[in-house]
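What follows is a set of notes on a single structure, which appears directly below.
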Amino acid sequence: MLQEAEEEFLGSHWNGKQRRTPLQALYDSNQLELSSVQAKHQERRELLASTCKTYTRKRRVLTSDDLKHLLVDDTHGLLYCYVPKVACTNWKRVMMILTGQSKYKDPAQIPANEAHISTNLRSLSEFTTSEINYRLRNYLKFIFVREPFERLVSAYRNKFTRTYNTAFHKRYGTKIVERHRRNPSLEALERGDDVTFEEFVYYLVDPMTQKEEPFNEHWERVHSLCHPCIVHYDVVGKYETLEEDAQYVLQLIGVGDSIKFPSSKSPRTTGGMAAEFFKGVNRFYQRRLFNLYKMDFLLFNYSIPNYLQIR
């Protein structure tokens, strides 16, 4: 059985004779006067813990299936829960460098498709129960999150408006058109390449969608991918402060001077962009969608977007 949490470990005293791990460095630093960056991350951890305590009534034990998104770096004692559309390609590139799984020295040189080959990085779910428990207790665990609706719009733009994503059009687009468009054309039913954002929202809030299968990872809620109320993350990075937070993680593991986190090459989906997409969604569906992603807003301290008409 997997460990339910790591509170006891985090409160323990370190053996000063052993090499200080990134996790030790992080929690030792809390005994000193905190820098503004350290204080920010401590505040995020405390807010997350407090919100979990408020909204999580029944605790459960982790299953191996819960751990598929946690990537392992045994060399540096690191666990990273990847969230699609939150710089996960670049973090996978960095993890490949850290684990020695790349011929490149600079993460930015690794092709994106290579970064997403599942065999390049080990998932925590691949280990035995005792190995999983050891890593959950002893490794630095980090996650990067993003404003939920900006992430959702980013996923829609990437998977449904790009002509090259035919696999998503066939796999999801055709189903969305069939169920949520009145009088669809035969071409649209066959191709599924012209799904509107409004139709995508209908698909997400339709109870039948999750009854049939779990959400795709690109629009699954962060709390369902990474279980932050069960796995106690030591660093909660944010997409909005990506460069600073990424550097903080790299410094904690002692590679801040040798590895540079890649800069994003594609234009980011902003709140202004998200507002434009939500204009076509009526209030009823806006509220239902917000309720679906509400826990991500609460857990990671994101406020209700001003453009939503749900107040």
Side-chain angles (χ1 to χ4, degrees), residues 69 82-90 92 111-113 115-118 144-225 239 264-294 296-297 302 305 307-310:
H69 274 245
Y82 75 91
V83 178
K85 309 311 299 176
V86 192
C88 79
T89 303
N90 281 337
K92 287 180 179 181
N113 62 325
H116 290 293
I117 297 173
S118 60
F144 271 72
V145 300
R146 182 179 187 178
E147 200 281 338
F149 284 171
E150 288 179 25
R151 174 175 171 249
L152 189 66
V153 169
S154 177
Y156 166 77
R157 291 177 64 215
N158 181 251
K159 300 307 175 187
F160 293 105
T161 69
R162 304 286 191 266
T163 55
Y164 56 78
N165 265 323
T166 53
F168 270 80
H169 301 160
K170 285 284 188 181
R171 174 76 174 78
Y172 298 100
T174 54
K175 184 185 293 185
I176 293 171
V177 168
E178 182 182 0
R179 290 191 176 175
H180 302 290
R181 182 178 300 179
R182 290 182 180 179
N183 305 316
S185 68
L186 290 175
E187 183 182 18
L189 286 168
E190 184 181 341
R191 295 169 64 93
D193 61 354
D194 63 346
V195 170
T196 67
F197 183 70
E198 191 175 9
E199 290 167 341
F200 180 51
V201 170
Y202 294 159
Y203 164 78
L204 293 172
V205 302
D206 182 354
M208 284 302 296
T209 299
Q210 289 191 84
K211 284 181 181 177
E212 290 183 350
E213 61 180 344
F215 277 165
N216 179 276
E217 63 178 14
H218 291 84
W219 47 85
E220 180 59 280
R221 285 71 52 92
V222 175
H223 73 270
S224 295
L225 291 175
Y239 193 70
S264 179
K265 294 177 182 176
S266 55
R268 295 183 175 184
T269 298
T270 63
M273 286 184 191
E276 287 299 313
F277 280 91
F278 272 87
K279 279 183 178 177
V281 181
N282 72 39
R283 292 186 179 191
F284 175 75
Y285 287 104
Q286 285 187 13
R287 176 168 288 283
R288 287 184 63 183
L289 189 71
F290 177 76
N291 288 337
L292 195 61
Y293 288 86
K294 185 176 180 178
D296 280 359
F297 279 95
Y302 288 107
Y307 56 79
L308 283 191
Q309 300 174 320
I310 65 172

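Since we're looking at a predicted model, the values are computed, not measured. All values below come from the heavy atoms of this structure, side chains included, with hydrogens, waters and symmetry mates left out.
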Flag the pair Glu147 / Pro305 as yes when at least one side-chain heavy-atom distance between them is below 4.5 Å, and no otherwise.
-> yes

Give a yes or no on whether Arg179 atom CZ has more than 12 heavy-atom contacts from other residues, nucleotides or ligands under 6.0 Å away.
-> yes

In Å and rounded to the nearest 0.5 Å, what is the CD to CG distance from Glu178 to Leu189?
-> 6.5 Å

For His69, which residues count as a ring pair (Phe, Tyr, Trp, His ring centres under 6.0 Å) partner, sequence neighbours excluded?
-> Tyr82

Under the side-chain hydrogen bond (donor to acceptor under 3.5 Å, both in side chains) rule, collect the residues that match up with Tyr156, sequence neighbours excluded.
-> none

Is a side-chain N or O of Arg151 found less than 3.5 angstrom from the main chain of Pro84, in a donor-acceptor match?
-> yes

Check whether the side chains of His218 and Lys85 place a donor and an acceptor atom closer than 3.5 Å, and report yes or no.
-> no

Would you please name every residue forming a side-chain hydrogen bond (donor to acceptor under 3.5 Å, both in side chains) with Tyr172, sequence neighbours left out?
-> Asn216

Roughly how far apart are Phe160 CZ and Ile176 CD1, rounded to 0.5 Å?
-> 4.0 Å

Mark yes or no for whether Thr174, through its side chain, and Lys170, through its backbone, hold a donor-acceptor pair below 3.5 Å.
-> yes

Is the shortest side-chain N to carboxylate O distance from Lys175 to Asp206 below 4.0 Å?
-> no

The side-chain hydrogen bond (donor to acceptor under 3.5 Å, both in side chains) partners of Arg268 (sequence neighbours excluded) come to Glu243

Apply side chain to side chain contact (heavy atoms under 4.5 Å, CB included) to the pair Leu204 and Thr209, showing each step before the final yes or no.
-> CA-CA 7 Å; Leu204 293 172; Thr209 299; 6.0 Å; no

So how far is it from Glu150 CD to Met273 CE, rounded to the nearest 0.5 Å?
-> 9.5 Å

Look up atom CZ in Phe297 and atom NE2 in His223, then write down how far apart they are to the nearest 0.5 Å.
-> 12.5 Å

Please check if the side chain of Gln286 supplies one atom and the backbone of Val281 the other of a donor-acceptor pair under 3.5 Å.
-> yes

Centres of the Phe149 and Phe277 rings: under 6.0 Å?
-> no

Derivation of the side chain to side chain contact (heavy atoms under 4.5 Å, CB included) call for Arg288 and Phe284 | CA-CA 6 Å; Arg288 287 184 63 183; Phe284 175 75; 3.4 Å; yes

For the side chain of Arg191 and the backbone of His169, is there at least one donor-acceptor N/O pair under 3.5 Å apart?
-> no

When rounded to the nearest 0.5 angstrom, what distance separates CG in Asp296 from CD in Glu220?
-> 8.5 Å

Look at the aromatic rings of Tyr307 and Phe278 and report parallel, tilted or perpendicular, splitting at 30° and 60°.
-> tilted

Gap separating the NZ atom of Lys279 from the CD atom of Gln309, nearest 0.5 angstrom = 10.5 Å

For residues Ser185 and Ala188, report the shortest heavy-atom separation together with the two atoms involved.
-> OG-N, 3.1 Å

More than 12 non-hydrogen atoms from neighbouring residues, nucleotides or ligands closer than 6.0 Å to CD on Gln210, yes or no?
-> yes

Closest contact, heavy atoms only, Cys88 versus Val83 = CB-O, 3.6 Å

Hey, does the side chain of Asp193 reach the backbone of Thr163 with a donor-acceptor pair shorter than 3.5 angstrom?
-> no

Quick one: closest heavy-atom pair of Ala115 and Lys92, and the distance?
-> O-CD, 3.5 Å

Please report the closest heavy-atom contact between His180 and Tyr203, naming both atoms and the distance.
-> NE2-CA, 3.5 Å

Could I get the full list of side-chain hydrogen bond (donor to acceptor under 3.5 Å, both in side chains) partners for Lys294, not counting sequence neighbours?
-> none

Nearest heavy-atom approach of Gly192 to Val177 is CA-CG2, 4.4 Å

May I have the step-by-step check of side chain to side chain contact (heavy atoms under 4.5 Å, CB included) for Val86 and Val222, ending in yes or no?
-> CA-CA 10 Å; Val86 192; Val222 175; 5.7 Å; no

Can you name the residues that form a ring pair (Phe, Tyr, Trp, His ring centres under 6.0 Å) with Tyr239, not counting sequence neighbours?
-> none

Between Tyr285, Trp219, Phe215, which is the residue that forms a ring pair (Phe, Tyr, Trp, His ring centres under 6.0 Å) with Phe200?
-> Trp219

